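Presented below is the structure to which this report refers.
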Amino acid sequence: MFLSLFPPKGRHLLVRRLHSAKQFTNPSGEDILFRAICTNLRQKKWKFLDSVLPSMTSSTVCRVFHEFRNSPPVILEVYYRIGGVRYILDSLTSCGIVIHLMVNSKRYDEALCLIKELMIAKGHSPLDVLKTLLNSQRDFDFSGCAAFETLVRACTDVGSSRGAYEVIKQLRMEGFQVSVHAWNNFLNHLLKVGDVAQFWRVRKEMISYSYVENVITFNWTIYALCKEHRVIEAISVFYRMLKNGIIPNDVTLNMLIHGACWIGDCDMALKLIQKIVIHWLYKEGDVVGASVLIADMFKRNICPDRYTYSTLISGLFRNGQINEALKHYTYILEKNLIEDAFSHNIVINYLCRTKNISRAKQILCSMFVRGLVPDLGTYGSLIDSYCKAGDMENALQTYNDMILSAKKNPNLVIFNSIMDGICKEISVDAGKAFLSGMRDTGLFDVITFNTLLNSYCAGGQVDNALNLLASMRKEGISFNRVTFNIMVNFFCKVGSFQQAKKLVNVMRAQGINLDGVTYATFITCAMKERRGAEEVIELHDFLVLQGVIPDTQIYKEIIRPLLLLQNEHMLT
DNA sequence: ATAGGGTTAG
């Protein structure tokens, strides 16, 4: 088999030389191998690679890539034949070439994978990878920003907001213009991880570079304002959008409805639904060419859809307008406007949150009756509420029903719910075993680890907690705010406020902002520890200086009285 | 590309 791969002439000699190349990794051996590979590749004799694979080092691969740098198909073929990442991971140059080629041939997922491996398995920083990509772009005449933008995406995928930002900044310094698309993706990521403050900074920066916002940018802006309950401003952004000649779409409309529900103005939401988005525009009178735009929206069939109604119902529940919510739910049931499980899930989830699991189960049954298949969200809500109620038996029963009767495979969220239930209701060791099962399925994330970490901390198992943190790092799972909050809580609870403060510094250095939970953790622990007023206030000052917005309730109930007391003291 | 439900921390 080995022999048939060689050209007949001189076959014997080549095999012998190859054989010695295998045994003695001297430079000439590698040279012979390299030349043999090149000759065979030029003749498109791919199978030759398979046979010499055991003798190929990453430096040979790198030389081959360099040799064929102007023949992308050859390099990609070699890359796949040698089995992908592991043979080239040691050589940043090879990786740079392959990433560019993958992106140019629109194999984004594979490029993403390779970049992530470089960062996770090899520990290269995002800026290291960028440098490599810039070098190979220069050395091999690649063009465009697509490879760099894939790197940004890889950073956000592994949870490194800071890495993504650094890459974008560095690219700017190198004179590259990242696309609006890439900025939008990054903005989306910041909203996803809940870093609204950073969202605003990045958006401002993007505009300061005179990027033209498109409909997606505007939609994210409206969404961010709605999330912060700044609906009036969201509406004014909507107007600005019209003025800029950017036609809002159904997503824009649904986001505004979302915002209206958040501030409890469901009437406004309803009006938006009835598209009264016209009367109202004319009344404001400041919209140039509104009629044209609105006519266009009509043409594009922007009307209430499944998102609209589920957004509204969910908003009503959140505002405590239960009857209103149920009224709309019944309405869409009667009118047969429901196409999927979503609206049912919202009701089920409300019932679960209010510990009405039996009624939630009734809705599940009614879904079957209506011929509507419950989805993972339906089961997820039920399973989680059983777990939270400490009823692992029913949680696992529902889990089995889902798999056996509904033939649905659990997803990450459901695994995480069960993980939490197991840790809290069974044992942390059982949780650890469950994690290894999750690892086997490839479904685990930072939440999974946080859940187990929290259990270790709650049980005072410091060594296990630290080991878990180390393995997170090894597997490329970035710590998030919750990870830090768990550790801060641990240190505060054992009275090591100094350690907890050190952690806060690490958080800040990693670009993770503190939040109300961090604040509440410090202050409530200090109170429980019966620390003196002076120390508690000092902690408060420290946190405020770190940029945290104090939790309103804690500030009112604890800090303000302490400050008043201190003032009185100073006066007397 | 973007929007609705379900997972971790006080």
Side-chain angles (χ1 to χ4, degrees), chain A residues 149 153 179-189 191-192 214-224 226-227 248-259 261 305-315 317-318 340-350 352-353 360 374-385 387-388 410-421 423-424 443-455 457-458 480-490 492-493 515-525 527-528 551 553-554:
Chain A
E149 293 182 3
R153 176 65 192 279
S179 68
V180 175
H181 193 141
W183 282 96
N184 285 344
N185 277 341
F186 186 47
L187 289 173
N188 172 23
H189 164 78
L191 288 179
K192 239 186 220 155
N214 64 17
V215 62
I216 308 283
T217 326
F218 271 108
N219 282 352
W220 284 131
T221 307
I222 288 174
Y223 185 69
C226 289
K227 266 191 116 163
N249 57 17
D250 38 1
V251 178
T252 322
L253 195 78
N254 284 330
M255 282 169 166
L256 280 172
I257 289 168
H258 183 88
C261 288
D305 59 11
R306 55 211 172 107
Y307 286 98
T308 317
Y309 284 109
S310 54
T311 304
L312 177 69
I313 293 171
S314 152
F317 273 128
R318 278 179 206 284
D340 58 19
F342 241 100
S343 302
H344 297 283
N345 292 350
I346 290 164
V347 182
I348 286 179
N349 187 250
Y350 165 75
C352 285
R353 275 203 320 262
D375 65 9
L376 289 174
T378 325
Y379 285 107
S381 286
L382 281 166
I383 290 170
D384 189 60
S385 63
C387 287
K388 290 224 162 53
N411 62 8
L412 185 54
V413 176
I414 291 178
F415 275 144
N416 283 339
S417 285
I418 292 182
M419 177 70 166
D420 194 46
C423 285
K424 288 191 177 123
L443 278 181
F444 58 91
D445 66 356
V446 63
I447 296 180
T448 322
F449 280 93
N450 286 345
T451 306
L452 188 59
L453 180 72
N454 187 47
S455 260
C457 288
N480 65 11
R481 184 179 301 153
V482 178
T483 320
F484 280 103
N485 282 343
I486 290 168
M487 293 312 292
V488 164
N489 183 39
F490 172 76
C492 288
K493 253 171 42 189
D515 66 357
V517 178
T518 328
Y519 179 85
T521 305
F522 268 101
I523 304 298
T524 51
C525 280
M527 292 303 285
K528 269 187 204 145
D551 179 285
Q553 204 184 343
I554 304 252

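Note that the structure is predicted; figures quoted are calculated from it, not measured. In what follows, chains carry the letters A, B, and so on, assigned in the order in which the sequence lines appear, proteins first and then strands, with residues in each chain numbered from 1.
- What separates OH of Tyr223(A) from P of dA1(B) is a distance of 19 Å, to the nearest Å.
- Set against dG4(B), dT7(B), dA9(B), the side chain of Asp384(A) has dT7(B) as its closest nucleotide.
- In this structure, Ile313(A) places its CD1 atom 16 Å from C1' of dA3(B), rounding to the nearest Å.
- Checked against dG4(B), dT7(B), dT8(B), the side chain of Asn480(A) finds its nearest nucleotide in dT8(B).
- Considering only side-chain atoms of Asp340(A), the nucleotide from dT8(B), dG4(B), dA3(B) that sits closest is dG4(B).
- Candidate nucleotides dA9(B), dG5(B), dT7(B) were compared by shortest atom distance to the side chain of Ile346(A), and dG5(B) ranks first.
- Between the NZ atom of Lys192(A) and the P atom of dA1(B) there is a distance of 13 Å, rounded to whole Å.
- Spacing between atom NZ of Lys424(A) and atom P of dT8(B) amounts to 6 Å, rounded to whole angstrom units.
- Taking the 5.5 Å centre cut-off and the 30° plane limit, the aromatic side chain of Tyr307(A) is not classed as stacked on dG4(B).
- Between Phe218(A) atom CZ and dT2(B) atom C1' there is a gap of 14 Å when expressed in whole angstrom units.
- The distance between atom CG of Asn185(A) and atom P of dT2(B), rounded to the nearest whole Å, is 9 Å.
- Looking at Ile348(A) and Thr378(A), their side chains come closer than 4.5 Å, going by heavy atoms from C-beta outward.
- Closest contact between the side chain of Asn219(A) and the listed nucleotides dT2(B), dT8(B), dA1(B) involves dT2(B).
- Looking at heavy-atom distances under 4.0 Å, Asp445(A) makes no contact with the nucleic acid at all.
- For Lys388(A), the side-chain hydrogen bond (donor to acceptor under 3.5 Å, both in side chains) test picks out Asp384(A), with sequence neighbours left out.
- Neither OP1 nor OP2 of dG10(B) sits under 4.0 Å from any side-chain N or O of Arg481(A).
- You won't find any donor-acceptor pair under 3.5 Å spanning the side chain of Thr311(A) and the base of dG4(B), going by distance alone.
- Rounded to whole Å, atom P of dT2(B) lies 18 Å from atom CG of Leu256(A).
- Val517(A) places none of its side-chain heavy atoms less than 4.5 Å from the side chain of Val482(A).
- Put simply, the side chain of Phe415(A) does not reach to within 4.5 Å of the side chain of Phe444(A), judged on heavy atoms.
- Within the 4.5 Å cutoff, side-chain heavy atoms of Val215(A) are placed close to those of Asn219(A).
- For the atom pair CD1 (Ile257(A)) and OG1 (Thr308(A)), the distance works out to 5.0 Å, reported to the nearest 0.5 Å.
- If you check dG4(B), dG10(B), dT7(B) against the side chain of Phe342(A), the one that comes closest is dG4(B).
- A sub-4.0 Å separation between OP1 or OP2 of dG6(B) and a side-chain N or O of Asn349(A) is present.
- Between the side chain of Asn184(A) and the base of dA1(B), a donor-acceptor pair under 3.5 Å is found.
- Whole-Å rounding puts the Leu376(A) CG to dG6(B) C1' distance at 9 Å.
- Using a 4.0 Å heavy-atom distance criterion, Arg318(A) is classed as a sugar-phosphate-only contact.
- Nearest nucleotide to the side chain of Trp220(A), out of dG6(B), dA9(B), dT2(B): dT2(B).
- Distances were taken from every side-chain heavy atom of Lys388(A) (C-beta onward) to each of dG5(B), dA1(B), dT8(B); the shortest belongs to dT8(B).
- Below the 3.5 angstrom threshold, one finds no donor paired with an acceptor across the side chain of His258(A) and the base of dA3(B).
- At a cut-off of 3.5 angstrom, counting only N and O atoms as typed in the model, there is no donor on one side facing an acceptor on the other between the side-chain of Asn485(A) and the base of dT8(B).
- Residue Thr378(A) is in base contact, counting any heavy-atom pair closer than 4.0 Å across all strands shown.
- Of the candidates dA3(B), dG10(B), dG5(B), dG10(B) carries the atom nearest the Asp551(A) side chain, counting heavy atoms from C-beta on.
- The only option from Asn454(A), Asn480(A), Asn450(A), Thr518(A) that meets the side chain to side chain donor-acceptor pair (under 3.5 Å) definition with Asn485(A) turns out to be Thr518(A).
- With hydrogens and angles ignored, a donor-acceptor pair closer than 3.5 Å exists between the side chain of Asn345(A) and the base of dG5(B).
- Checking dT8(B), dG6(B), dA1(B) against every side-chain atom of Thr451(A), the shortest atom distance belongs to dT8(B).
- With hydrogens and angles ignored, a donor-acceptor pair closer than 3.5 Å exists between the side chain of Asp375(A) and the base of dG5(B).
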